[in-house]
There are 2 protein chains.
Amino acid sequence: MSKTVSPKSRASGRVTLAAVAERAGVASMTASRAISQPDMVSAALRERVQQAVEELGYVPNRAARALASAHSKVIVVLVPSLSNAVFTAVLAGIQDALDADDYQILIGNTRYSDAEEEKLLGIYLQSNPDGILLSGLSHSPRVERMLAASRVPIVSMMDLSDDPAQLTVGFSQFQAGHAMTRYLIDKGHKRIGFIGAQLDERTLKRADGYRQAMREAELADPKLELMVPDPSTIALGAELLGRMLAQSPDCDAIFCCNDDLAHGAIYQCQRRGIAVPRQLAICGFNDLPASAWMNPSVTTVGTPRYRIGHEAATLLRSVIRGEAPATPHLDLGFTLMARESA
Amino acid sequence: MSKTVSPKSRASGRVTLAAVAERAGVASMTASRAISQPDMVSAALRERVQQAVEELGYVPNRAARALASAHSKVIVVLVPSLSNAVFTAVLAGIQDALDADDYQILIGNTRYSDAEEEKLLGIYLQSNPDGILLSGLSHSPRVERMLAASRVPIVSMMDLSDDPAQLTVGFSQFQAGHAMTRYLIDKGHKRIGFIGAQLDERTLKRADGYRQAMREAELADPKLELMVPDPSTIALGAELLGRMLAQSPDCDAIFCCNDDLAHGAIYQCQRRGIAVPRQLAICGFNDLPASAWMNPSVTTVGTPRYRIGHEAATLLRSVIRGEAPATPHLDLGFTLMARESA
DNA sequence: CTGAAAGCGCTTACAG
DNA sequence: CTGAAAGCGCTTACAG
């Protein structure tokens with residue numbers, strides 16, 4: 001019953017750069033250069049090293065590289081949701097922008113929770129990221145402290161700041177909320193309700209835009225607002241439509257803070273026999289694919305989410321390289337999509 | 001014009017474990033233990049180290065830990081799409097299952113592309129992951145080679161294999177396709193079309209199930225199949241409805257390989273004045289949220305995507321710990337959701 | 001263009 | 001329960 005003596009070596013058993021170098025008959029630092037800075041090495045050596053890499057099936061150890069070089073080649077992206085098509089489009093833009101470089105993108109889903117954001121950031125900061133892409137402008141004090149202490153370059157997405165010390169890429173959520181409300185007012189609606197869910201930063205700013213436009217038109221009435229913290233879903237939109245009509249039966253238009261709620265509200269109108277837009281106008285926000293296809297098609301605000309991700313990642317990459325940004329705040333705008341539902 | 005002499009030290013400037021140890025008056029290996037194996041250290045020391053960590057704002061360097069310990073605490077997840085709600089639900093399940101441990105989840109979006117899968121895997125393997133979660137059973141030979149060479153534990157999601165050497169969590173895509181077709185046949189339909197897009201592994205298996213059911217009922221006809229490699233979207237569903245009706249005008253039911261296509265087909269029917277299901281029955285696959293709310297509500301196949309992610313991650317974690325799996329192939333089943341559209 | 005040595009910041013046996 | 005030393009697999013100045 002003798003115990004197997006475990007080997008003293010802590011080697012992982014994987015092919016190392018040293019093995020590649022030995023096979024190619026060069027020093028390992030030369031092999032390193034042949035791989036990461038091929039131009040600084042003679043063609044013959046480059047060839048030999050490349051061949052050794054293939055023959056041995058060498059896979060570089062990223063942890064070792066990060067430790068030795070102080071460049072992790074990691075970019076952290078924090079989004080509040082992965083089930084929301086808005087943020088998956090943002091991610092697609094980021095991936096496309098970073099595709100060429102061999103960055104490793106660490107995607108964190110904060111689920112609209114400060115606590116989750118703190119936790120994820122704590123874990124991801126251990127990877128010593130070269131840059132961070134954040135959603136939104138407001139974060140918990142702890143997150144702010146962690147970010148400041150890390151000294152990692154940051155670009156914030158979705159909204160625009162007026163703080164010149166920040167970098168932001170997005171559009172004005174406030175202006176967009178204001179513009180949609182103004183559109184409904186111009187159509188002659190007087191009793192325009194606002195339905196908001198999740199109550200994240202962006203929803204609240206759209207609501208602010210709505211309120212301001214209503215005040216300007218002297219149409220403001222707290223009874224026309226319905227705000228709940230639950231996650232936005234089609235089912236919730238259907239439910240909130242009922243609650244809004246119960247709360248303000250004379251409501252003649254409803255501005256839903258996003259398309260999911262608008263879709264649910266419209267489906268519910270169909271079930272109740274309420275004609276949209278004749279009896280009740282309904283509009284949404286974000287222009288999800290279904291909005292153009294539903295019957296009635298949905299009036300909404302088109303948002304440049306793919307471009308936000310793409311431009312934010314491009315900006316972050318240039319900052320990491322030490323370049324000065326052309327502008328700290330890149331406004332990508334929004335588009336009012338007037339369709340059948342309002 | 002004298003150049004600044006750069007310091008010889010390559011230290012990152014970040015707070016190190018050594019600094020924490022010094023502050024606490026212990027050796028750094030003791031500090032290490034106090035942090036990662038608190039039980040193996042006296043309460044007094046644990047306290048002192050903890051305090052030093054807080055005072056200094058110590059953030060462990062994950063690269064150093066990975067290099068020294070051979071445990072990266074990284075789990076790689078490869079999904080073919082992030083815009084498909086099916087896979088975001090899978091991811092949610094994975095995240096929930098791995099929440100307690102401090103795993104870092106590396107999410108790779110292969111975009112249904114073998115080349116992209118190879119590229120991502122190549123990059124992610126450099127991080128020496130402790131485990132890999134894959135979507136689907138079929139991969140390119142290169143990917144298979146890379147996976148085999150890496151010797152990293154793997155669990156495959158979405159479908160079931162019959163290879164006892166693999167670990168899979170999902171349900172039979174073939175059976176589900178067969179069951180939905182059988183449902184339509186039992187409803188009395190004779191000319192049942194199949195619309196498939198993307199043509200990924202799962203779509204092809206659903207199509208196989210459809211074909212077999214049609215053959216069994218002696219209803220098979222190649223003219224009833226319409227398969228295109230484009231990504232599934234609502235817009236494509238609308239277009240394919242037209243092409244299917246042009247190709248087989250006597251079609252009395254259409255099985256769409258997923259809900260996006262079904263939604264588009266239904267919206268298009270509404271625009272053309274085709275009554276669903278009276279003139280044409282339409283059904284989908286996956287039971288996306290809108291399917292229960294649309295008018296008509298959509299008959300579809302409910303799939304346990306969240307659970308697939310959750311169970312697959314749980315299984316992978318247990319394998320990483322060296323435990324033997326209860327079963328190599330976990331069948332989570334599917335549910336036929338009979339609604340109004342078919 | 002190429003290489004010997006040191007070091008990045010941790011953890012692992014091992015000893016006491 | 002605690003510690004001195006070695007080592008994980010790379011890259012970085014520096015020298016030639």
Side-chain angles (χ1 to χ4, degrees), chain A residues 3-22 24-49 53 56 58-73 102 125-128, chain B residues 3-49 53 56 58-73 102 125-128 130:
Chain A
K3 267 188 185 160
T4 305
V5 177
S6 56
K8 214 163 184 174
S9 161
R10 287 159 56 197
S12 62
R14 294 176 55 171
V15 177
T16 64
L17 185 64
V20 171
E22 190 180 14
V26 297
S28 58
M29 63 161 308
T30 304
S32 170
R33 261 196 297 255
I35 291 167
S36 37
Q37 310 168 63
D39 301 337
M40 302 197 60
V41 139
S42 70
L45 269 194
R46 204 184 313 145
E47 196 82 351
R48 268 197 286 158
V49 170
V53 165
L56 264 30
Y58 171 63
V59 176
N61 182 322
R62 209 169 179 106
R65 184 203 308 232
L67 188 56
S69 74
H71 290 289
S72 62
K73 277 287 184 180
D102 97 314
L125 246 20
Q126 300 181 352
S127 292
N128 211 353
Chain B
K3 269 187 185 160
T4 304
V5 177
S6 57
K8 213 163 182 175
S9 161
R10 287 160 54 197
S12 62
R14 295 177 51 170
V15 177
T16 65
L17 184 64
V20 171
E22 190 181 12
R23 178 110 174 186
V26 299
S28 57
M29 63 160 309
T30 306
S32 171
R33 260 195 299 254
I35 291 169
S36 36
Q37 309 169 63
D39 301 338
M40 303 197 58
V41 138
S42 70
L45 269 195
R46 204 185 311 143
E47 195 83 352
R48 268 197 285 158
V49 170
V53 164
L56 264 28
Y58 171 62
V59 177
N61 183 322
R62 210 169 178 107
R65 182 202 309 230
L67 187 56
S69 74
H71 290 292
S72 62
K73 277 288 185 182
D102 95 316
L125 247 21
Q126 300 181 353
S127 292
N128 212 354
D130 291 344

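Naming: A, B, ... by sequence-line order, numbering from 1 per chain.
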Interatomic spacing from CG in B:L125 to CG in A:N61 - rounded to 0.5 Å: 11.0 Å
Point-to-point distance, once rounded to the nearest 0.5 Å, from CD of B:E22 to OG1 of B:T16: 8.5 Å
For [X] and [N], give me the distance from atom [atom1] to atom [atom2], rounded to whole Å.
X: A:Q126; N: C:dG9; atom1: CD; atom2: P; result: 15 Å
X: B:R65; N: D:dG7; atom1: CZ; atom2: C1'; result: 18 Å
X: B:R48; N: D:dG3; atom1: CZ; atom2: P; result: 9 Å
X: B:N61; N: D:dG9; atom1: CG; atom2: P; result: 16 Å
X: A:L67; N: C:dG9; atom1: CG; atom2: P; result: 7 Å
X: B:L17; N: D:dG7; atom1: CG; atom2: P; result: 20 Å
X: B:E22; N: D:dA4; atom1: CD; atom2: C1'; result: 16 Å
X: B:R14; N: C:dG9; atom1: CZ; atom2: P; result: 9 Å

Nucleotide pairing, DNA chain D (Watson-Crick or G-U, distances under 3.5 Å), in dot-bracket with [ ] and |: |||.||||||||.|||
Heavy-atom side-chain proximity of A:R14 to B:N128 below 4.5 angstrom: yes
Salt bridge (Lys or Arg N to Asp or Glu O under 4.0 Å) partners of residues 60-70 of chain B, not counting sequence neighbours, each pair once: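 Counting only pairs at least two positions apart or across chains, the salt bridge (Lys or Arg N to Asp or Glu O under 4.0 Å) contacts touching residues 60-70 of chain B are B:R62-B:D102.
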Taking distance alone, no hydrogens or angles, what donor-acceptor pairs closer than 3.5 Å link side-chain atoms of residues 23-37 of chain B to residues at least two apart or in another chain?
from: B:R23; atom 1: NE; to: B:E55; atom 2: OE1; distance (Å): 2.7
from: B:R23; atom 1: NH2; to: B:E55; atom 2: OE1; distance (Å): 2.7
from: B:S36; atom 1: OG; to: B:S32; atom 2: O; distance (Å): 2.7

Pairwise 5' ranking along DNA chain D for A:T16 and B:V26, keeping only the more 5' one: B:V26
Least distance between heavy atoms, A:V15 atom then A:Y58 atom: O-CD1, 3.4 Å
Pairing residues for A:R46 by the side chain to side chain donor-acceptor pair (under 3.5 Å) criterion, not counting sequence neighbours: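 In terms of side chain to side chain donor-acceptor pair (under 3.5 Å), with neighbours along the sequence ignored, A:R46 is linked to no residue.
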Listed partners of B:D130 passing side chain to side chain donor-acceptor pair (under 3.5 Å), at least two apart: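 Here the qualifying residues are B:S72.
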DNA chain C-proximal residues of residues 27-41 of chain B, any heavy atom under 4.0 Å: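 When residues 27-41 of chain B is checked for heavy atoms under 4.0 Å from DNA chain C, the hits, listed by number, are B:M29, B:S32.
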Presence of B:S42 side-chain N/O under 4.0 Å of D:dT2 phosphate oxygens OP1/OP2: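 Answer yes for this pair, as a side-chain N or O of B:S42 is under 4.0 Å from OP1 or OP2.
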Candidates C:dC10, D:dC10, C:dG9 - which lies nearest the side chain of B:Y58: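 So the nucleotide nearest the side chain must be C:dC10.
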